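Okay, structure first, notes after.
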Number of protein chains: 2
Amino acid sequence: MAQLSEGFESVRLSAAHADTWSEDMQDQAETALVALRRVLKATASNVKSVATKTGLTASQLLVLQVLRTQGETLTGDLARAVDLKQATISILIDKLQEQQLVVRRRGETDRRRVWVRLTEKGLTALDGAPDLLQDTFRTRFAQLAEWEQASITAALLRVVSLLNAEKIEASPILDVAGVNDPPLGNGQ
Amino acid sequence: MAQLSEGFESVRLSAAHADTWSEDMQDQAETALVALRRVLKATASNVKSVATKTGLTASQLLVLQVLRTQGETLTGDLARAVDLKQATISILIDKLQEQQLVVRRRGETDRRRVWVRLTEKGLTALDGAPDLLQDTFRTRFAQLAEWEQASITAALLRVVSLLNAEKIEASPILDVAGVNDPPLGNGQ
DNA sequence: TAAATTTTTTTTGACTATCTATATAAGTGC
DNA sequence: GCACTTATATAGATAGTCAAAAAAAATTTA
């Protein structure tokens, strides 16, 4: 999939202009955008490398990660969580099921619904796919002075608020849990 | 494509845990990762919306943006810049050329090489694809106090250095220009 | 209860992006 | 000229995605 996830290509090469622009008010914004751009690049290439390393595609990996975080999940909620259509998820789950990384289970009270959950094999596959980027980030972040951690966190949150404007506010991955039926356990 | 370009899915829902974890050293890192995650989500969905808005795919848009930034570029350098194989770029350029958004031109001293550049139509297509995310970012960033701009920029640069570790350091988009032949003008 | 409607998932068919491997063409060194 | 390398293009295969339709079950309405 690999959708590329770039969004800041049109940033001017502020580094090249730095000497002439140094005092320009806009310079700061451009520098920030270039930095953002690099963050994006780093994460995108990280996703790619983890994906090829595990033999999974990025979407598949994404779905597995959501399942690990949320436990058993409805296919529809999965689709929302990773921003794909249900048709796509359905096929994607087929593939994952063929590899026995997940299992489907029909809902009992409502037999239209289909719950998906990780298998042991799926869990180990995920463990075998350490997210290097995330790990290095955590490791290095932990080594910073506390005030710097705080300042970076604050800045990132600020950036989120700058970006979010009208858009987004969906961010379903972080708040899908507990939508309808008991998501964990064997209930419903 | 959709390649989704996420990289931080496995982040725990630190918001949900915040009350119990508040003093935990790791909490800060998790919060930072969640924030990063949201930045990624925002930019990814932005790319998608801009792409569908213009009828171009994300990769195509990306290539056009690189061309706008760098001027005439070799197909191989394009491939490196957007992290696709040459074969893929070749086909991608075919499509863009069909729509008359770019033109190919054979190198004159080295006739193996193929230069690609934006047409007028390509340029207007790009102008018609305003990057809302980037614009809102710039606008809102500009409204911040100067000290805050500085602190955000510094934090972002710090994040880049945290992420970059061994990896990356390629970041070709920002330094491909002027590799071999005169990239601009009609030289060689 | 029967019929119509809605919800949830799957299937189907088409299209596109991407990759690997191979081919073509042009340059370089001997 | 010959082997080798470099730059791009083509071919074939795989996979991801979507829209539309089908299927199955629940809900509403009459």
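Throughout, a chain's letter reflects where its sequence line sits, starting with A, and its residues are numbered from 1. Quantities reported herein were computed from a predicted structural model and do not represent experimental measurements.
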Open item on the list: From CG of B:Leu92 over to C1' of C:dC19, roughly how many Å is that when rounded to an integer?
Closed with: 14 Å

Task: Shortest side-chain distance from B:Thr88, nucleotide among C:dA17, C:dC19, D:dC18 - done: C:dC19

Task: Heavy-atom donor-acceptor pair, A:Thr69 side chain to A:Gln65 backbone, under 3.5 Å - done: yes

Task: Distance, rounded to the nearest Å, where A:Gln86 contributes CD and D:dA23 contributes C1' - done: 14 Å

Open item on the list: D:dA7, OP1 or OP2 - any side-chain N/O from B:Thr75 closer than 4.0 Å?
Closed with: no

- [ ] Check the distance between C:dA26's C1' and B:Glu108's CD and give it to me in whole angstrom.
- [x] 15 Å

Open item on the list: Let me spell it out: for each of B:Ala87 and B:Lys95, pick the nucleotide of DNA chain C with the closest heavy atom. Which residue's pick is nearer the 5' end?
Closed with: B:Lys95

TODO: Provide, to the nearest angstrom, the distance between the CD1 atom belonging to B:Ile93 and the P atom belonging to C:dT16.
DONE: 17 Å

TODO: Look at the side chain of A:Arg112 and the base of C:dT7, then say whether one donor and one acceptor between them are separated by less than 3.5 Å.
DONE: yes

Task: Flag, side chain of A:Ser90 to backbone of A:Gln86, donor-acceptor distance under 3.5 Å - done: no

Open item on the list: Tell me whether the side-chain N/O atoms of A:Arg106 come closer than 4.0 Å to OP1 or OP2 in D:dA25.
Closed with: no

Task: Separation of C:dT28 P from B:Asp110 CG (nearest whole Å) - done: 7 Å

Task: Per B:Val114 side chain, nearest of listed nucleotides D:dA9, C:dG27, D:dA19 - done: D:dA9

Task: Nearest-nucleotide pick for A:Leu84, side chain only, options being D:dC18, C:dT18, D:dT8 - done: D:dC18

- [ ] State whether the number of non-hydrogen atoms from other residues, nucleotides or ligands found under 6.0 Å of B:Arg111 atom CZ is greater than 12.
- [x] no

- [ ] Kindly say whether A:Leu101 contributes a backbone atom to a donor-acceptor pair with the side chain of A:Thr119 at under 3.5 angstrom?
- [x] yes

Task: Nucleotide nearest A:Arg104 when distance is taken to its side chain, options C:dT10, D:dA25, D:dA7 - done: C:dT10

Open item on the list: Whole angstroms only, please: what is the CG-P distance between B:Leu56 and C:dT16?
Closed with: 13 Å

- [ ] Give one of base, sugar-phosphate or nothing for B:Ser90, where a contact means two heavy atoms less than 4.0 Å apart.
- [x] base

Open item on the list: Given D:dA25, D:dA7, C:dT9, identify the nucleotide with an atom nearest to the side chain of A:Arg111.
Closed with: D:dA25

Open item on the list: Which nucleotide wins on minimum distance to the side chain of B:Lys85, given the candidates C:dT9, D:dA15, C:dT20?
Closed with: C:dT20

TODO: For A:Ile89 and D:dA15, give me the distance from atom CD1 to atom C1', rounded to whole Å.
DONE: 15 Å

TODO: Indicate yes or no for a side-chain donor-acceptor contact from B:Gln60 to the backbone of B:Thr57 under 3.5 Å, with no hydrogens or angles considered.
DONE: yes

Task: Shortest side-chain distance from A:Thr57, nucleotide among C:dT10, D:dT8, D:dG16 - done: D:dG16

Task: Whole-Å distance separating the CD1 atom of B:Ile91 from the C1' atom of C:dT16 - done: 10 Å

